[in-house]
Amino acid sequence: MPVITLPDGSQRAFAKPVSVLEVAREIGPGLAKATLAGEVNGKLVDANCVMIENATVRIITDKDSEGLEIIRHSCAHLLAQAVKILFPSAQVTIGPVVENGFYYDFAYERPFTPDDLTAIEAKMFELAALDQPIERLVRGRNEAVAFFRQLGERYKAEIIADIPADAEISLYKQGDFIDLCRGPHVPSTGRLLAFKLTKLAGAYWRGDPANEMLQRIYGTAWADKKSLKTYLQRQEEAEKRDHRKLGRRLELFHFQEEAPGMPFWHAHGWTIYRLLMDYIREKLRDRAYLEVHTPQVIDRILWEKSGHMEKFSHDMFMTSSENREYAIKPMNCPAHVQIYNQGLKSYRDLPLRLAEFGCCHRNEQSGALHGLMRVRTMTQDDAHIFCTEDQIQAEVSHFIDLLYEVYADFGFNEVQIRLATRPPQRVGSDEVWDKAETALATALNEKHLSWTFNRGEGAFYGPKIEFSLKDSLERIWQCGTIQVDFSMPGRLGATYINERSEKAVPVMLHRAVLGSLERFIGILIEEYAGAFPAWLAPVQAVVLSITEKQATSAEIIAKTLKNQGFRVESDLRNETISLKIRDHAMQRVPYQIIIGAREVENNVLAVRTRAGDDLGNMTLDTFSDRLKSDIACRGRNVFGGKEYSR
RNA sequence: GCCCAUAUAGCUCAGUCGGUAGAGCACUCCCUUGGUAAGGGAGAGGUCACCGGUUCGAAUCCGGUUAUGGGCUCCA
């Protein structure tokens, strides 16, 4: 006689055991039709899950985020079913839900082709139209292993073999296709209406490069066709913001075959680069950092002492001269310790904050390169803070404040924070790692920031906090970081004299706010869709003459503004004003100053914005004040480039 | 590094069965001297990524290399 409690607190009594779907039917036929699954006593279950005893039940439909996830998960199964029908000898492995969709990994004797993808998708639609019921079956572990072995599905058998012996194993059956799965799933394949296979990729079995490579098929799935269409359109829009495309169009940088992963910065891109450095310098000055500069090329002996040769050499470019071997620096830290080591340090000198716009080279795997986001030569806004153990918390806290101040100036409010803990390849004792990880976690908690663990992903010398931002396609890139290092100062002989006149080893904090200037600029381009706030725009205003008669006046105006410190150009070409406006709007110049006969006569500027707003006439001084206050706003209150979509 | 795909004019892209390459924009010149997102005309521009093979003949077919794109692994 189960009594079912619903989320609104109401209760319904049933004479006999009742399924989630039957509960929904009791409430209303509309809800029953929309039911995808249920949440019974806090646990997600299938719609046909039967409750024998009293329970708290929530009906899951496609309006719930869980509902959408279930749709995506069921789509992954539909994909596997289609592949097994078209390619019976393919073996199934795993098929999880990911952001916006799902994927499924298969082992098959030949690569899938784009044509196969089309055929698979067509088969999926066919199967969905059949509206096959999806049934849950429960088996003992050994029985399940035997079942998949007999099917020749060795990957599935391997997965189950790792599940505890006494655990109950659930299988899901749709048509003739049976897959191992925790569930829940939608009640029948006809509930899958809006999906699309998007890409084909390789992926290692269990994510381990030592294992064979499987073929991964990605797809996206939504509750209805409209959402799918919206998503696909949004992706298309996002691709237009790709920093690699905008980088070329706005003449910011280029890459070429002879220097893979190493950008050639053009004048406009370099302007942004310099502005970022100037901005960070201001912040460093305010926060008592000392800027230094160290060599690019340093004898390998130093890298052996620091541990880089052992743990990082696969990423290092080496060079030699006169029987000496050198490394092109991949990091600045050992060099900063050398500066620290010059002269005896007292506890009174700590914390000592050494900053450098350190240009580093890392021999990244060719397949890892990605525009400005992952390069082989980069400049970090790097600094190393030498301090005592007691000062760590305060320094980390001080840094987090700085980072948030800076990110706010760029208009970022969505920052993902992760605490990366000890990796398998590391230096230093477990005791030291415990201490360092605790210090970082405590600092984050004291700021009441929400963060997650990124276990096993710390640097080889210490744990780190990663501050990540998203690109236009929502890919996440680590930018800021702070890392505690109890090892390197000791390895490189850094010491100070403490209050009791004893020699002690300082702790070193590695930290960067922007991360690499390259990556940060890549993120900025995509965030602003190329429409940089006036603060960062390579050209802040352009003066356009309507006819050749205004050429001199236009040039005088441009010159005057330049002398006031603005980045201003003039366009005196023998072209129509419409064309000039279009050209500079496409170049995303914030302001266009139009000078025709009327403006010359009245000694005013006709100003319009790159978004197409006509600001009317104003004096040069008024314009200058306006631009000045725009610049002072930095990147706060920008609209993410949304207004500049055309 | 691994898997799949791609590489044609400065850019974006066509190019069918293997028969010596085409458009739009950009560029140069000429006309036009204009009023808020493309005024008109003409011209120039390519060892079809690179190396090799098949063929009477290769942008096209085959092999290799490099780079790029999407993933995996890795990472700022």
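Numbered from 1 within each chain, the chains take letters A, B, ... in sequence-line order.
Ring-plane geometry between A:His308 and A:Trp303 is classed as perpendicular, the angle between the planes exceeding 60 degrees on a 0 to 90 degree scale with a lower cut at 30. Ring planes of A:Trp265 and A:Trp270: tilted class, angle from 30 to 60°.
Heavy atoms of A:Lys580 sit nowhere under 4.0 angstrom from any nucleic acid atom. At the heavy-atom level, A:Arg216 lies under 4.0 Å from the strands shown only through sugar-phosphate atoms. As judged by a 4.0 angstrom heavy-atom cut-off over every strand, A:Gln478 is placed among residues touching the sugar-phosphate backbone only. Within the 4.0 angstrom heavy-atom criterion, no nucleotide atom of any strand lies near A:Gly480. Looking at heavy-atom distances under 4.0 Å, A:His314 makes no contact with the nucleic acid at all. Backbone-only engagement by A:Arg248 is indicated by non-hydrogen atom pairs under 4.0 Å involving sugar-phosphate atoms exclusively. Among the atoms of the strands shown, base atoms are found under 4.0 Å from some heavy atom of A:Arg362. Within 4.0 Å (heavy atoms only), A:Ala512 reaches no atom of the nucleic acid at all. At the heavy-atom level, A:Ala201 lies under 4.0 Å from base atoms of the strands shown. Nucleic acid contact class of A:Ile577 (heavy atoms, under 4.0 Å, all strands): sugar-phosphate only. Among the atoms of the strands shown, none is found under 4.0 Å from any heavy atom of A:Lys245. Base engagement by A:Glu364 is indicated by at least one non-hydrogen atom pair under 4.0 Å involving a base atom.
Of the candidate nucleotides B:rA37, B:rA76, B:rG71, B:rA37 has the atom lying nearest to any side-chain atom of A:Arg608. Closest approach to the A:Arg582 side chain among B:rG35, B:rA37, B:rG70 is made by B:rA37 (side chain taken as heavy atoms from C-beta onward). For A:Pro114, the side-chain atoms get nearest to B:rA5 when compared with the rest of B:rA5, B:rG1, B:rA76. Set against B:rG35, B:rA37, B:rU73, the side chain of A:Glu599 has B:rG35 as its closest nucleotide. When each of B:rG71, B:rA37, B:rU36 is scored by its nearest atom to the side-chain atoms of A:Tyr218, the top-ranked nucleotide is B:rG71. For A:Tyr204, counting side-chain heavy atoms from C-beta on, the closest listed nucleotide (B:rC2, B:rG34, B:rA76) is B:rC2. Minimum atom distance to the side chain of A:Ser366 is reached by B:rG1, of the listed B:rG1, B:rU73, B:rG71. Of the candidate nucleotides B:rA38, B:rC11, B:rG35, B:rA38 has the atom lying nearest to any side-chain atom of A:Leu579. Considering only side-chain atoms of A:Arg475, the nucleotide from B:rA76, B:rC11, B:rG71 that sits closest is B:rG71. Among the nucleotides B:rA76, B:rA37, B:rA67, the one closest to any side-chain atom of A:Pro260 is B:rA67.
Looking only at distances, no side-chain donor or acceptor of A:Arg216 sits under 3.5 Å from a matching main-chain atom of A:Ala201.
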Stepwise salt bridge (charged side-chain N to carboxylate O under 4.0 Å, His left out) test for A:Arg418 and A:Glu466: CA-CA 5 Å; A:Arg418 297 201 299 177; A:Glu466 306 170 337; 3.6 Å; yes

Side chain to side chain donor-acceptor pair (under 3.5 Å) assessment of A:Lys240 paired with A:Ser472: CA-CA 9 Å; A:Lys240 288 187 197 154; A:Ser472 63; over 6 Å; no

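Side-chain contact check for A:His384 and A:Asn332: no donor-acceptor pair (N or O, by modelled atom type) lies under 3.5 Å.
The residue from A:Tyr528, A:Tyr279, A:Tyr404, A:Phe532 that alone fulfils the ring-ring contact (aromatic ring centres under 6.0 Å, His included) condition with A:Phe410 is A:Tyr279.
Both tests hold for A:Arg455 against A:Phe453: distance to the six-membered ring centre under 6.0 Å, angle to the ring axis within 45°.
A:Phe399 meets the ring pair (Phe, Tyr, Trp, His ring centres under 6.0 Å) test with no other residue; sequence neighbours excluded. Partners of A:His254 by ring pair (Phe, Tyr, Trp, His ring centres under 6.0 Å), not counting sequence neighbours, listed by chain and number: A:Phe264, A:His266.
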Dot-bracket notation for RNA chain B, counting Watson-Crick and G-U pairs under 3.5 Å, with | for partners on another strand: (((((((..((((.....[..)))).(((((.......))))).....(((((..]....))))))))))))....

What's touching nucleotides 28-32 of chain B from the protein side, N or O pairs under 3.5 Å?
| unit_1 | atom_1 | unit_2 | atom_2 | d |
| --- | --- | --- | --- | --- |
| B:rU32 | O4 | A:Asn574 | ND2 | 2.2 |

What nitrogen or oxygen pairs link the protein and nucleotides 44-50 of chain B at under 3.5 Å?
none

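Within 90° of 0 lies the glycosidic angle of B:rC17, which makes this nucleotide syn.
Of the inter-residue distances, the one linking A:Leu605 atom CG with A:Ile595 atom CD1 reads 5.0 Å to the nearest 0.5 angstrom.
Residue pairs that meet the ring-ring contact (aromatic ring centres under 6.0 Å, His included) test with at least one member in residues 576-602 of chain A, sequence neighbours left out, are A:Tyr591-A:Phe623.
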